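A short write-up of the structure that comes next.
Model, not experiment: these values are computed from the prediction.
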Amino acid sequence: QVQLVESGGGLVQAGASLRLSCAASGRTYDNYAMGWFRQAPGKEREFVAAVSGGATAYADSVKGRFTISRDNAKNMVFLQMNSLKAEDTAVYYCRTDISILTMRTNNRGGSWGQGTQVTVSS
């Protein structure tokens with residue numbers, strides 16, 4: 001239905017910043033939510049941030065440090081990550097689904113990208 005490709009990950013030191021990008025192609029919907037999840041070694045995939053229309057949502061662990069945004073005309077979503085910590089090390093995945101609520105309560109639905117690695121050294 002829709003294809004998602006993440007980019008922008010890398011290796012940085014604690015306190016640095018990264019900006020992740022996600023490009024969507026195929027069947028896309030401007031009124032659908034888009035968001036970011038992450039999965040660290042040995043941990044479950046967890047919600048990071050989502051955007052739908054003028055609304056945004058963030059996990060408590062990243063609130064105040066990360067900012068999500070989207071460009072519907074380009075079918076892209078971004079995640080600006082500031083003040084990175086070692087605990088942020090994970091593979092970051094882009095996701096699109098019907099709503100922010102769905103993003104926060106389900107991890108099986110919608111469409112997913114293949115992920116981009118973010119490594120933060122302490």
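- For the residue pair Y32 and T96, the shortest heavy atom distance occurs at CB-OG1, 3.9 Å.
- Heavy atoms of other residues, nucleotides or ligands lying less than 6.0 angstrom from CD of Q114 number 12 at most.
- In this structure, the side chain of T105 engages the main chain of L101 through a donor-acceptor pair within 3.5 Å.
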Side chains of residues 7-25: which donor-acceptor partners sit under 3.5 Å, not counting sequence neighbours?
residue : atom : partner : partner atom : Å
S17     : OG   : N82     : OD1          : 2.8

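- Annotation: the span from I98 atom CD1 to N31 atom CG amounts to 10.5 Å, rounded to 0.5 Å.
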* Asked: Passes side-chain contact (heavy atoms from CB on, under 4.5 Å), E87 versus V62? Steps please.
  -> CA-CA 10 Å; E87 305 94 276; V62 307; over 6 Å; no

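- Here Y58 contributes atom OH and L79 contributes atom CG; the two are 8.0 Å apart, rounded to the nearest 0.5 Å.
- Nearest heavy atom pair, residue A90 against residue Q39, reads CB-O, 3.4 Å.
- Taking every heavy atom of both residues into account, S99 and A33 meet most closely at C-CB, 3.4 Å.
- Remark: T89 OG1 to L84 CG distance equals 8.5 Å, nearest 0.5 Å.
- For the atom pair D88 CG and T119 OG1, the distance stands at 11.0 Å (nearest 0.5 Å).
- Remark: C94 SG to M34 CE distance equals 4.0 Å, nearest 0.5 Å.
- Legend: ring-ring contact (aromatic ring centres under 6.0 Å, His included) pairs involving residues 102-122, not counting sequence neighbours, sorted by first then second residue: F37-W112.
- In this structure, the side chains of Y92 and Q117 stay at 4.5 Å or more apart for every pair of heavy atoms.
- Cluster annotation: F78 is not connected to I100 through the hydrophobic network of ILVMFWY side chains, with a link wherever side-chain heavy atoms come within less than 4.5 Å.
- Checking side-chain atoms of R65 against main-chain N and O of S83 turns up a donor-acceptor pair under 3.5 Å.
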* Could you walk me through whether V118 and M81 pass side-chain contact (heavy atoms from CB on, under 4.5 Å), step by step? => CA-CA 10 Å; V118 172; M81 305 185 295; 3.9 Å; yes

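- Nearest approach of S69 to V77, heavy atoms of both residues: O-CG2, 3.1 Å.
- Looking only at side-chain heavy atoms (C-beta outward), R95 and W36 stay at 4.5 Å or farther from each other.
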Which atom pairs, one a donor and one an acceptor, fall under 3.5 Å between side chains of residues 40-51 and the rest of the protein, sequence neighbours left out?
residue : atom : partner : partner atom : Å
E46     : OE2  : R38     : NE           : 2.8
E46     : OE2  : R38     : NH2          : 3.4

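- Annotation: the span from D60 atom CG to K63 atom NZ amounts to 7.0 Å, rounded to 0.5 Å.
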